[in-house]
Number of protein chains: 2
Amino acid sequence: MKVSLSVLGVAALLAQTVMAVWPIPKEMSQSNQNTVAPNAIVLGKGCGNNKILRSIVQRYSHLVSKESFLPPHLYNDKQTVQTSGALSHLTVNVKDTKTSSLGVDTDESYDLNIPANGEATLNANTVYGALRGLETYSQLITSNGKNAKVIRNTPISIKDSPRFPHRGILLDTARNFYPLDSIKRTIDAMSYNKLNVLHWHVVDAQSWPIESKLHPELADKGAYAPNMRYSYNEVKHLIEYAMERGVRIIPEFDMPGHTYIIGLSHPEIMSCLNMQPDWDHFAAEPPSGQFDITNPEAAKMAKDIINEYSKLFPDKYFNIGGDEVNINCWNESKKVQDYLAAHPGQNVTTVLQRFYDEIHKQVVADGKSAMCWEETLFHQNYLPPKGTIVQTWIDAESVHKTVAAGYHAVASPWTSNYLDCGHGAWLSNSNGTSWCDPYKNWVNVYQYDPLTNVTKPEEQALVLGGEVTLWSEQSDQYSLDTYLWPRSSAHAEIMWSGPTDPKTGKHREPLDAITRLHGQRYRMLDRGIESVPLQPLWCARNPGNCSVPPPAKKAPAAEAGH
Amino acid sequence: MKVSLSVLGVAALLAQTVMAVWPIPKEMSQSNQNTVAPNAIVLGKGCGNNKILRSIVQRYSHLVSKESFLPPHLYNDKQTVQTSGALSHLTVNVKDTKTSSLGVDTDESYDLNIPANGEATLNANTVYGALRGLETYSQLITSNGKNAKVIRNTPISIKDSPRFPHRGILLDTARNFYPLDSIKRTIDAMSYNKLNVLHWHVVDAQSWPIESKLHPELADKGAYAPNMRYSYNEVKHLIEYAMERGVRIIPEFDMPGHTYIIGLSHPEIMSCLNMQPDWDHFAAEPPSGQFDITNPEAAKMAKDIINEYSKLFPDKYFNIGGDEVNINCWNESKKVQDYLAAHPGQNVTTVLQRFYDEIHKQVVADGKSAMCWEETLFHQNYLPPKGTIVQTWIDAESVHKTVAAGYHAVASPWTSNYLDCGHGAWLSNSNGTSWCDPYKNWVNVYQYDPLTNVTKPEEQALVLGGEVTLWSEQSDQYSLDTYLWPRSSAHAEIMWSGPTDPKTGKHREPLDAITRLHGQRYRMLDRGIESVPLQPLWCARNPGNCSVPPPAKKAPAAEAGH
């Protein structure tokens, strides 16, 4: 039985030090008492007038009261918890209750104090700071394995704030459709991980699932089905739902490439529509199709789209795509070539730059800043207006190049952050791998830091954060949670807490993180997020027992005791 | 609009020839009429006395009446279906209604005749032939996109029977637990794909989730939790549930390796229990632990397990594992070495062979035949009794070697059939790949044929079929459907129909199969199986438009018309 005891010993030891808070707070001190958790969350003086704050507190009150959760690493010593005190309630104080706006500048910091007895307090400058603090608070409450709820390791003092203001997930709802409920569930999960940006890649070549009031024909012809589209009312509801959970929605309307679907209703403004069978000469994937950038009606359509949807989506940022433009599409278009022949001095590059200029100006005219993919800057040599966020995905050096050029950067490198990858090629007749294989496991995600090679403080300040992406060629509502969670949690901790402990400067090792990550995974399950297991449950319950072994030593001669 | 028309043209053309039956029947002729589907399934004379047959017919009557399904490749021409006749009902005739036993010899053949008018008939020798025929029948019924149900391409005549008698899925319920409902759902899905063996890898090192009446301590100490175990009643229910769906359950109780969990209650009969941190010196994965094969009490426990569970599970086959035995475990055990020192002439190999002999004899004594992993034969040089099924997974040559040695073979090569692979290493501190990466996509699965390199008819006859496997280190109920489907469907077609059309001898190309496979995937969704998409829905609706392009040709100068 020596073995079992030693296993229990390790778990008990870890229970002293590992609280299953994910992402880990910036500063956290704890002690060695266990305290009965409070039954109530109350709002401090003057806080009741903020509607969003009231809904947040109501939601967490409900969550905490119904949840009875024990992280797996505490399973083996659940019988041993003795409480030495009790908390009456948690008081939430918010300094600025007049505004509830949510943006890249929102202050999400909070202080949480949990004594071993008496009253716990959460102080924040904004409602969203309070939201983050309540999430932390909810994660500190564990079951004692029976009926009581306990906060372990009290007194606890936490001072927390995020490392990056932009902590996102990209969801592609065009290759395959996601019902509203699955997007709402994703937003729930994001808030459990303090992620705050849903980059909604709404449309793409394959479908146009969102209602347009200006051009109803886009969804009428482009949605997969009448029940596979998002109405204005649904989008507004989703935006509000997300805001109440501290999640901004930044829509992407990708152009001028990835636009075949517009050609179903407007073929006259398009080039290279669904070229077969050599679609790869014209596009990154089938069906091919790009705006005919020489046609003023195409620019008009692009601006209409920006104009319409920048009103529907309140966020300050509007993503206009700009990735994977294929020059062959225009080089081999008769209409484009006729235009160029009639306009000496112009070429595809100058016309494309003019097109970018028009759409970027439209974004600014609509009172927004643009987000766009890195190709705009690095492949097309177009310089968007300052204030544009450039999203990098191709090259490890792109973040540094972006900020060196004076632009804001958001990092989602395919090499670590593309959560759809690793399922092989999806073309009908391929048994091969995909360009973006292999699968990015949670450690790959966890070990990517956007600040790698960005050393100057003024350049670091331009890095706003990062995103993990779920492109949906091989995914839809049925694989959504499986592909996103808990790998997006790994991303969330790097975005919120960073790769090093700010106090000790020590690098956060996966071996230390995984115990908490298991906790987060199993807690998410309890909250309805169908996150996948990273290991056998046995490993989650027995921290340190499922690690890569040390370098092989020479096998000793028959050891005693086994 | 030329493009859209040509897309419609392709889809319309394919609609003439592609019926979404999966797996594809052995012989199938069809014509060019469309017929209103019958409303009723009735049993032929004398068939009503078989209880299982009655339950099968009742189930399919219900399924067909509630289902209204249109395969995605018919989406674009759904308006064009004109019916020219109607069917009154389907009559099911079964020759032998006296027996309902299900085994490796069960006759699953059937004939299905669907005229353009009048009465459809299904003839089979056994209730399970009728079951397979009813599944085919259910798949022939499609919606017309409105309210009516239509059988397209009538008259249809089908003569069908399986290529292999053993067409399986291995499910590991020990690394992580699967609730009964998720196993039942998997059995449902298996029957939709004419798979007929659930190889239930019940227990392993990490947990013992099944009740034992002889040794209750095994589950009391070894189940992950009281609500994470299968009672006798649940197992009996599951076996009956599976039998009604034509699925045999073959349990695996893996020994002498993979048995750490027995050590929680019986450490005295075990060797190398949870050796840390260098577990890899003793086992394929943590926690290490093997029966102490020199201890008669260990052999007694092994035989108790076989004895008990061979009574609970009625199938003729009983799987005793035998994979991944690690000799270091015994070479470095003091007790084992003491025994060998006291017994000159014996060594680890002879003792292991004696252990195998005892457990194989127990299987035979209990009236069963054994299944075991290929290592028993190829790594330990042990020759099990003739009639044993050897399951191969390691080497491409193993199937041939197994049948050349005169044993039955079931093939589940990791290189194509391990559906858990491709998610990277799962050890806590690894960012690397796993030995079994990459992910096996559906084409990998589809292109594996167990008869590869087995050419002699008498050797081919020994190949019973194959399995895909879901080992569960990184999977549980939440990822189950995602990881199994539709890739197990690809396996099912190779098992049932084989890689070539028996009429034309033509190899079945993934490009031809994927249209039907999409149909099967979307039909499974309608039936509650949360199968993942292989492609954007656009591709499923537009067959032929998402293929690997032909080899690059020189880009032509500005083509006309785009």
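The sequence lines fix the lettering, A, B, ..., with proteins before strands; numbering per chain opens at 1.
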Taking the side chain as every heavy atom from C-beta outward, state whether Tyr478(A) and Ser531(B) have any atom pair closer than 4.5 Å. no
Give, as side chain, backbone, both or neither, the part of Cys546(A) having an atom under 4.5 angstrom from any heavy atom of chain B. both
Name all pairs fulfilling the side-chain hydrogen bond (donor to acceptor under 3.5 Å, both in side chains) condition that reach into residues 438-448 of chain B, sequence neighbours left out, sorted by first residue then second. Asn431(A)-Gln447(B), Tyr439(B)-Arg487(B), Tyr446(B)-Glu493(B)
Is it the side chain or the backbone of Ser428(A) that comes within 4.5 Å of chain B heavy atoms, both, or neither? both
Return the minimal non-hydrogen interatomic distance between Tyr75(A) and Ala225(B), and the atom names on each side. OH-CA, 4.1 Å
Is a side-chain donor-acceptor pair under 3.5 Å present for Gln276(A) with Asn545(B)? yes
Residue, of Glu473(A), Glu285(A), Glu268(A), that accumulates the most heavy atom pairs under 4.5 Å with chain B: Glu473(A)
Measuring from Glu530(B):CD to Asp476(A):CG, what's the distance to the nearest 0.5 Å? 9.5 Å
So Ser547(A) and Leu427(B), do their side chains get closer than 4.5 Å, heavy atoms only? no
Are His423(B) and Val532(A) close enough that some pair of their side-chain heavy atoms sits under 4.5 Å apart? no
Using non-hydrogen atoms and a 4.5 Å limit, figure out which bit of Leu511(A) sits close to chain B: side chain, backbone, both or neither. both
Let me know if Leu534(A) has heavy atoms under 4.5 Å from chain B in its side chain, its backbone, both or neither. backbone
Top contributor to chain B interface from Asp292(A), Val445(A), Val443(A), Asp204(A) [non-hydrogen pairs under 4.5 Å]: Val443(A)
Closest-packed option against chain A by number of heavy-atom pairs under 4.5 Å, given Gly422(B), Ala425(B), Pro438(B): Gly422(B)
Side-chain heavy atoms of Pro550(A) within contact of Pro277(B), under 4.5 Å: yes
Applying side-chain hydrogen bond (donor to acceptor under 3.5 Å, both in side chains), can you list everything that pairs with Asp437(A), at least two apart in sequence or on another chain? none
Name the option with the most non-hydrogen atom pairs under 4.5 Å to chain A; the candidates are Gly424(B), Ala513(B), Ser479(B). Ser479(B)
Below 4.5 Å from any heavy atom of chain B, which atoms of Ser475(A) appear? Answer side chain, backbone, both or neither. backbone
Turns out that what part of Ile261(B) lies under 4.5 Å from chain A's heavy atoms comes down to neither
From the list Asn176(B), Ile514(B), Leu517(B), the residue making the most non-hydrogen contacts under 4.5 Å with chain A is Asn176(B)
Quick check: do Pro533(B) and Trp426(A) have side-chain heavy atoms less than 4.5 Å from each other? no
Is the shortest side-chain heavy-atom distance between Trp538(B) and Ser207(A) below 4.5 Å? no
What part of Phe177(B) is in contact with chain A, defined as an atom under 4.5 angstrom from a non-hydrogen atom: side chain, backbone, both or neither? neither
Flag the pair Met228(B) / Leu537(A) as yes when at least one side-chain heavy-atom distance between them is below 4.5 Å, and no otherwise. yes
Would you say Asn429(A)'s side chain and Pro510(B)'s backbone share a donor-acceptor pair under 3.5 angstrom? no
